[in-house]
Amino acid sequence: MFYNARRAMKPEKSASPHPQPVDALVWPRFSGVPTFMRLPHIPRAEELDIAILGIPFDGGTTYRPGARFGPRNIRVQSAMIRPWNPVLEVNPFQKWRIADFGDLSVNPLSIEDTYGRITDQLSEVLRAKARPVSVGGDHSILLPILRAVHRFEGPVGLVQLDAHGDTWGGYFGSPHSHGTPVRYAVEEGLIAEGCGLQVGLRGQVYSDGDFEFARKHRIQIVTADELHRHGSGPVKRLARKLRNLPVYLTLDIDVVDPAFAPGTGTPQVGGLSSAQVLDLLHCFQGLQLVGCDLVEVSPPYDSGEITSLLAANLLFELLCLF
Ligand code: MN
Ligand code: MN
């Protein structure tokens, strides 16, 4: 609102000042048009180092729908975010040029068409050398995002925080759903061999064969049970092995226990607390992040908006990892 649009037009990436959240001492946090963290809306990737963008698509959902409303509600709940992270000692808005890029165009009636749209639009963002922080949407959006990333980075390391491995095959005769993106990403060579790390997996599966794909492709798994028993130390050690290549991080909110994040499509008990997931994210400091996403927030199933509030805070933590 008081943001100087002309300054933001400067093509020089190092130009200062960076876009900043609206001053809460001038405009109260509950006022104005909601954007992520009250940042300016700048739909021009060439002006940004990091583009926070919404992907409101939930056509890959197999159980409880509603993640299409995730970006909008997380924007509203992000109004309380303040810029300084006292744990990581960083203000990401001073360090990088970050803004709300707006939402990508999706087709709610076609997953194939949506996949093409996401890959094309994300490619434009990456071509402009902005790193995408995408807000879903269900987890099916991961595959077209990784396809775009692959165009510019080649195979990347993948860090996935999730209750589920998402390495299943098709569903009802359709190849793609929110339970399949990691399988296709591996099969299409988008993830570097032996450089996948899944954290927080738990709950019932169809059979032990469900883990066969991960074993075959040397995807490292740290289960929620192991996290509860041993803390985040083992994750830190595995994350260190990914330091020498570009890494993409994907955060499925259902890695968090439904007591803390009920607003999601496929809830699974025995998950992490809010505090645990915040701590877990700090394990990934120092990685060469080329992008990340936060998916599977379904506001219609939320309670007191706690899931969207947590998601907004996790988004901020993700920004602090760059
Ligand atoms: Mn999941
Ligand atoms: Mn998932």
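Atoms within a ligand are numbered from 1 in the order they appear, just like the ligands themselves.
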Inset, instruction - Please check if Phe316 and Val297 belong to a single hydrophobic cluster, counting links between Ile, Leu, Val, Met, Phe, Trp and Tyr side chain heavy atoms closer than 4.5 Å. - result: yes

Legend entry - Under 3.5 Å side-chain donor-acceptor pair for Ser123 and Arg151: yes

Legend entry - For the Mn ion (ligand 1), every protein N/O/S atom that sits closer than 2.8 Å, waters excluded: Asp162 OD1, His164 ND1, Asp252 OD2, Asp254 OD1, Asp254 OD2

Inset, instruction - May I have all residue pairs that pass salt bridge (Lys or Arg N to Asp or Glu O under 4.0 Å) and include part of residues 152-178, sequence neighbours excluded? - result: none

Legend entry - Exam field: side chain Arg38 to backbone Ile81, donor-acceptor pair closer than 3.5 Å: no

Inset, instruction - Tell me, please, which residues at least two apart from Trp168 pass side chain to side chain donor-acceptor pair (under 3.5 Å). - result: Asp210

Legend entry - Contacts of Ser174 that satisfy side chain to side chain donor-acceptor pair (under 3.5 Å) - sequence neighbours left out: none

